[in-house]
Amino acid sequence: MKIGYPCINQSLDCTSSTTFRLASYSDERVEQTVAANLACLQRILEYNVAHGLLFFRISSGIVPFGSHPVNTFPWQSRFAAEFRAIGDYIKAHGMRVSLHPDQFVVLNSPSPDIVQRSIAELVYQGSMLDLMGLDSTAKLQIHLGGLYGDRDTAIERFIATFHTLPAAVQVRLVVENDDRLFSLQDCLRLHAATGTPILFDNFHHECLNHGEPMAEALRLAAATWHPTRDGVMMMDYSSQSPGERKGKHVSSIQEDLFRGFLHELGSLDADIMLEIKDKEASAHRACGILRGLSLVPPAPAGYTAPTFPPALTDSSALPPRKARTPKKPVAER
DNA sequence: TCATGTCAAGGCGTC
DNA sequence: GACGCCTTGACATGA
């Protein structure tokens, strides 16, 4: 079992997703930005190894406009050695990585243009994993897409598009149950038609389900992962932020809830991505809980637990945000 | 230097 | 049909 967090490390003074506006595009700027992003990614991975955090979601912004026609810079060849070195580091330390294209990737859109752009984005993100030399257990995580008023047709359109994807993308693709539109049951239908594993999100399942108890849902999702092709089941973990709208992720891990979740998980193995606002701070605490249960290896030699501010369990504990002037209506802009 | 507006990309819900 | 929201950091710009 590996514990991870997505994209951003708040303890380091760098980011692996520096980008820029389309209007200021230049090949030189792409080259400088990718170099800086990859250097930061390497630092984050080294931090993670040093702290026993062996699961990480790589930012999809490593290459600015990676799938946009404006980007004609040959970043694949220019940075081949850097990608390979990062992949070697990941493999040497037994890490697991994933990527999560954002909401603009919609494979079941009725618009052919949107579908083509979505495929281009998946090809771009998958090619980074290919350049790293990582096998098909490194995944591309997406949602099923839009509903468009007809669930059956929406799912069928996804299945039809899936069969047109490059094989290199197909083997990396995993589909996550979401919190509003497509439940675990919808993802199971998709799996039956495509073989795509289900990336189970416990919090989304709490928001949208058909009455399946958590333990049963976990077993259904785990059964969609092929042991050699896909590896250990990946999943997202989060919980409801107290006092906030339904579906809002919590700011910092609630340890009692996490222990309860591990009880539901039982003997199932899973690599768990914490979708929690304070990133590696919660990941450290989750690892501490797992070590107490002997579910993860002991901390590396020389490891000292970082100190973080007290857990923020509700928004009232957050520092007050500076008031911003309300947006003007579009007509006045 | 600081504050604020805005950013490639989609879709749902509300009014 | 228009708009706000999702989620979020940080780039870009103007004061």
Side-chain angles (χ1 to χ4, degrees), chain A residues 5-26 29-30 32-33 36-37 40-41 44 57-73 99-125 141-151 153-155 157-158 161 176 178-183 186 201 203-204 207-208 236 238 240-241 244-251 273-280 315 318 321-333:
Chain A
Y5 61 97
C7 303
I8 294 168
N9 180 300
Q10 297 179 331
S11 303
L12 299 175
D13 58 356
C14 71
T15 171
S16 62
S17 58
T18 301
T19 185
F20 45 83
R21 301 286 167 86
L22 185 58
S24 51
Y25 178 90
S26 71
R29 196 157 183 185
V30 170
Q32 291 169 3
T33 302
N37 286 343
C40 183
L41 174 59
I44 293 173
R57 182 183 299 163
I58 296 173
S59 166
S60 52
I62 295 284
V63 180
F65 309 105
S67 66
H68 193 287
V70 73
N71 186 345
T72 55
F73 182 76
L99 283 151
H100 192 348
D102 63 23
Q103 74 270 29
F104 304 113
V105 170
V106 186
L107 288 184
N108 75 342
S109 172
S111 160
D113 288 346
I114 291 171
V115 173
Q116 284 311 307
R117 282 196 291 271
S118 298
I119 294 173
E121 180 70 13
L122 290 171
V123 168
Y124 146 60
Q125 298 201 21
Q141 167 185 354
I142 62 171
H143 290 283
L144 212 154
L147 203 54
Y148 310 100
D150 184 339
R151 181 176 308 275
T153 305
I155 293 174
R157 211 162 37 232
F158 186 107
T161 300
E176 175 187 357
D178 69 66
D179 59 344
R180 291 184 307 153
L181 306 176
F182 293 105
S183 66
D186 296 316
D201 186 309
F203 183 34
H204 290 168
C207 297
L208 178 68
D236 287 348
S238 190
Q240 174 67 44
S241 180
E244 301 278 359
R245 65 161 179 84
K246 182 185 176 189
K248 176 85 170 177
H249 289 196
V250 74
S251 299
M273 178 68 62
L274 301 179
E275 288 199 323
I276 295 177
K277 198 172 176 62
D278 66 0
K279 306 289 181 181
E280 75 277 10
S315 58
L318 292 165
R321 295 188 65 159
K322 191 171 289 186
R324 291 180 66 155
T325 309
K327 277 185 182 177
K328 287 182 180 177
V330 171
E332 296 176 25
R333 289 181 197 164

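The analysis underlying the following values was restricted to heavy atoms, covering all of them including side chains, and did not include hydrogens, waters or symmetry mates. Remember, predicted model here, so these are calculated numbers, not experimental data. Letters A, B, ... are given to chains in the order of the sequence lines, protein chains preceding strands, and every chain is numbered from 1.
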Chemist: Is the shortest heavy-atom distance from the side chain of A:H100 to the side chain of A:P6 under 4.5 Å?
Modeler: no
Chemist: Grab the CZ-C1' distance between A:R21 and B:dA8 for me, whole Å please.
Modeler: 11 Å
Chemist: In chain order, what residues pass the salt bridge (Lys or Arg N to Asp or Glu O under 4.0 Å) check against A:D186, with sequence neighbours excluded?
Modeler: A:R151
Chemist: Just checking A:T15: base, sugar-phosphate only, or nothing, at a heavy-atom cut-off of under 4.0 Å?
Modeler: sugar-phosphate
Chemist: With a 4.0 Å limit, can you tell me whether A:S67 has a side-chain N or O closer than that to the phosphate oxygens OP1/OP2 of B:dA8?
Modeler: no
Chemist: To the nearest Å, give me how far apart CZ (A:R180) and P (B:dG13) are.
Modeler: 6 Å
Chemist: Could you give the OH-to-P distance, from A:Y124 to B:dA9, as a whole number of Å?
Modeler: 17 Å
Chemist: Looking only at side-chain atoms of A:L147, point me to the closest of B:dG11, B:dC12, B:dA8.
Modeler: B:dC12
Chemist: Could you tell me how far C:dC3 sits from B:dC7 if I compare only their P atoms? Round to whole Å.
Modeler: 15 Å
Chemist: Output all residues satisfying side chain to side chain contact (heavy atoms under 4.5 Å, CB included) with A:K277, sequence neighbours left out; order by chain, then residue number.
Modeler: A:S251
Chemist: Is the aromatic ring centre of A:F104 closer than 5.5 Å to the centre of the six-membered base ring of B:dA9, with the two planes inclined by less than 30°?
Modeler: yes
Chemist: B:dA9 C1' sits how many Å from A:H143 NE2, rounded?
Modeler: 16 Å
Chemist: Compare every heavy atom of A:E275 with every heavy atom of A:S238, then report the nearest pair and how far apart it is.
Modeler: OG-O, 3.0 Å
Chemist: Report the residue (A:I8 or A:L22) whose heavy-atom-nearest nucleotide on DNA chain C is the more 5′ of the two.
Modeler: A:I8
Chemist: Measuring to OP1 and OP2 of C:dA12, would you say a side-chain N or O of A:R29 lies under 4.0 angstrom away?
Modeler: yes
Chemist: Answer yes or no: does a side-chain N or O of A:R117 lie under 4.0 Å from OP1 or OP2 of B:dG10?
Modeler: yes
Chemist: Between C:dG4 and B:dG5, how many Å separate the two P atoms, rounded to a whole number?
Modeler: 14 Å
Chemist: According to ring-ring contact (aromatic ring centres under 6.0 Å, His included), who are the partners of A:F203, at least two apart in sequence or on a separate chain?
Modeler: A:H249
Chemist: Can you check the A:L144 CG to B:dG10 P distance for me, whole Å?
Modeler: 18 Å
Chemist: Which residues satisfy the salt bridge (Lys or Arg N to Asp or Glu O under 4.0 Å) test with A:E176, sequence neighbours excluded?
Modeler: none
Chemist: What's the closest nucleotide to the A:Q103 side chain, out of B:dG10, B:dA8, B:dC12?
Modeler: B:dG10
Chemist: Counting a pair only when it is Watson-Crick or G-U and both distances are under 3.5 Å, which runs of at least 3 such pairs involve DNA chain C?
Modeler: B:1-7 with C:9-15, B:10-15 with C:1-6
Chemist: Taking only the C1' atom of each, what is the distance from C:dG9 to B:dC12 in whole angstrom?
Modeler: 24 Å
Chemist: Rounded to whole Å, how long is the line connecting atom CD1 of A:I276 with atom P of C:dT8?
Modeler: 12 Å
Chemist: Of all the choices, B:dG10, B:dA8, C:dA12, which nucleotide is nearest to the side chain of A:I114 once you look at every atom?
Modeler: B:dG10
Chemist: Whole-Å distance between B:dC7 C1' and A:F20 CZ?
Modeler: 13 Å
Chemist: Minimum heavy-atom separation for A:P110 to A:P112, with atom names?
Modeler: O-CD, 3.3 Å
Chemist: Who pairs with A:D13 by side chain to side chain contact (heavy atoms under 4.5 Å, CB included), at least two apart in sequence or on another chain?
Modeler: A:R43
Chemist: Once you round it to whole Å, what is the distance between P of B:dG11 and CG of A:D102?
Modeler: 12 Å
Chemist: Looking only at atom P, what distance separates B:dG10 and C:dA10, rounded to whole Å?
Modeler: 24 Å
Chemist: Under 30°, 30 to 60°, or over 60°: which ring-plane class applies to A:F20 and A:Y25, parallel, tilted or perpendicular?
Modeler: tilted
Chemist: Closer than 4.0 Å, any side-chain N/O of A:S109 to the OP1 or OP2 of B:dG10?
Modeler: no
Chemist: Choose from C:dA12, B:dA9, B:dG10 the nucleotide whose nearest atom is closest to any side-chain atom of A:V106.
Modeler: B:dG10
Chemist: So what does A:T18 hit on the nucleic acid, given a heavy-atom distance under 4.0 Å: a base, only sugar-phosphate, or nothing?
Modeler: sugar-phosphate
